[in-house]
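So the structure is just underneath, and the comments pick up after that.
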Amino acid sequence: MILFLVVLIALFGALVRTVFGFGEALVTMPLLALISFDLNTSVALIGALGLIVALPGVIRYRVHINVAIVRRLVIGSILGVPVGIFLIKYVDKTIIMRILSVFLMVYGSYCLIRIYRQKTNKPRFQSLFFDYVAGVISGVMGSAYNSHGVPIVVYGTLKKWPVMELRGILQAHFLCIGILVVASQAIAGFWSMEVFELLAIVTPLLFLVIPFGNWLTDHIDNALMIKYVYGLLIVFGMMLFIKS
């Protein structure tokens, strides 16, 4: 029964990533915790699946990828990954997760309110330096909590990236940094034979989940997608707060 639930949760996370471009860890990690699944195995499994799902995403959105931005984000993330590994192994994460969860709820709510009031923010953080900063934060969150997409989504919405460009940058960044994150998690001892067995079960099923997710994406208007993204940030913030 536990195996069935783990596979179901992993596939649901892959669907969320395919449709919205991020958030699979924020959906799956709390659910896996609810069924008392091993934390290290959960981190390794979701990290590996995120890397696998990123590849078709890069292919699908390749014409929308800004290579220069991705390069700066990846450089920053490389610097942040060791910090994230240190945090998950040696630092009590409750305070960090509570701060992040409150920020996500406040930011998502603020942006939704402005949309419904038909007010728009000017693009922020236009200096190229902030690409590196966002990358560092993403590297920390990715290696520690498999949540490297959330900082990039928040940053991209602050900079007012178009939806398709945001998707392309997200997937390219996931693919590049995902390799490093998975490797760092393996070195940190998160991988086990159970992870390989679960991947052998889940990976073939992705050939059904990913096309279905792409079909859903094609039927969602871009303006509506932005609202969904902000709404997801609020939901993910709530889930993080409860989990922490």
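None of these values were measured; they are calculated from a predicted model.
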Considering only heavy atoms from C-beta outward, does the side chain of [X] approach that of [Y] to under 4.5 Å?
{"X": "L49", "Y": "L206", "answer": "yes"}
{"X": "Y228", "Y": "L224", "answer": "yes"}
{"X": "M164", "Y": "P162", "answer": "no"}
{"X": "K159", "Y": "F130", "answer": "no"}
{"X": "Y110", "Y": "Y230", "answer": "no"}
{"X": "L104", "Y": "I234", "answer": "no"}
{"X": "I152", "Y": "W161", "answer": "yes"}
{"X": "F37", "Y": "L198", "answer": "yes"}

Verify the cluster assignment for [X] and [Y]: are they in a single hydrophobic cluster under the rule of side-chain heavy atoms below 4.5 Å apart?
{"X": "V74", "Y": "Y61", "value": "no"}
{"X": "I137", "Y": "I75", "value": "no"}
{"X": "I9", "Y": "L199", "value": "yes"}
{"X": "Y132", "Y": "V150", "value": "no"}
{"X": "V195", "Y": "M193", "value": "yes"}

What is the ring orientation for F212 with W215, classed by angle as parallel under 30°, tilted 30 to 60°, or perpendicular over 60°?
parallel
Rounded to the nearest 0.5 Å, how far does [atom2] of [Y] lie from [atom1] of [X]?
{"X": "L79", "Y": "S138", "atom1": "CG", "atom2": "OG", "answer": "12.0 Å"}
{"X": "L51", "Y": "L55", "atom1": "CG", "atom2": "CG", "answer": "8.0 Å"}
{"X": "I210", "Y": "T217", "atom1": "CD1", "atom2": "OG1", "answer": "11.0 Å"}
{"X": "L3", "Y": "E194", "atom1": "CG", "atom2": "CD", "answer": "8.5 Å"}
{"X": "L205", "Y": "L11", "atom1": "CG", "atom2": "CG", "answer": "5.0 Å"}
{"X": "L158", "Y": "K160", "atom1": "CG", "atom2": "NZ", "answer": "7.5 Å"}

L73: which of I169, V133, I78 passes side-chain contact (heavy atoms from CB on, under 4.5 Å):
I169
Between [X] and [Y], what is the shortest heavy-atom contact and its length?
{"X": "F190", "Y": "A44", "value": "O-CB, 3.7 Å"}
{"X": "Q171", "Y": "G21", "value": "NE2-O, 3.0 Å"}
{"X": "G50", "Y": "E24", "value": "CA-OE2, 4.0 Å"}
{"X": "A172", "Y": "V70", "value": "CB-CG2, 3.9 Å"}

Checking L170 against H173 for the side-chain contact (heavy atoms from CB on, under 4.5 Å) test, could you report, in this order, the C-alpha distance in whole Å, the side-chain angles of both residues, the deciding distance, and whether it holds?
CA-CA 5 Å; L170 270 174; H173 176 263; 5.9 Å; no
Go through V6 and T41 one step at a time and tell me if the side-chain contact (heavy atoms from CB on, under 4.5 Å) criterion holds.
CA-CA 11 Å; V6 170; T41 304; over 6 Å; no
Going by atom types alone, do Y107 and T157 pair a side-chain donor with an acceptor below 3.5 Å?
yes
Let me see the working for V154 and F103 under side-chain contact (heavy atoms from CB on, under 4.5 Å), right down to the final yes or no.
CA-CA 10 Å; V154 171; F103 170 76; 3.9 Å; yes
Take V153 and F20 through the test side-chain contact (heavy atoms from CB on, under 4.5 Å) and record every step on the way to the result.
CA-CA 10 Å; V153 169; F20 298 103; over 6 Å; no
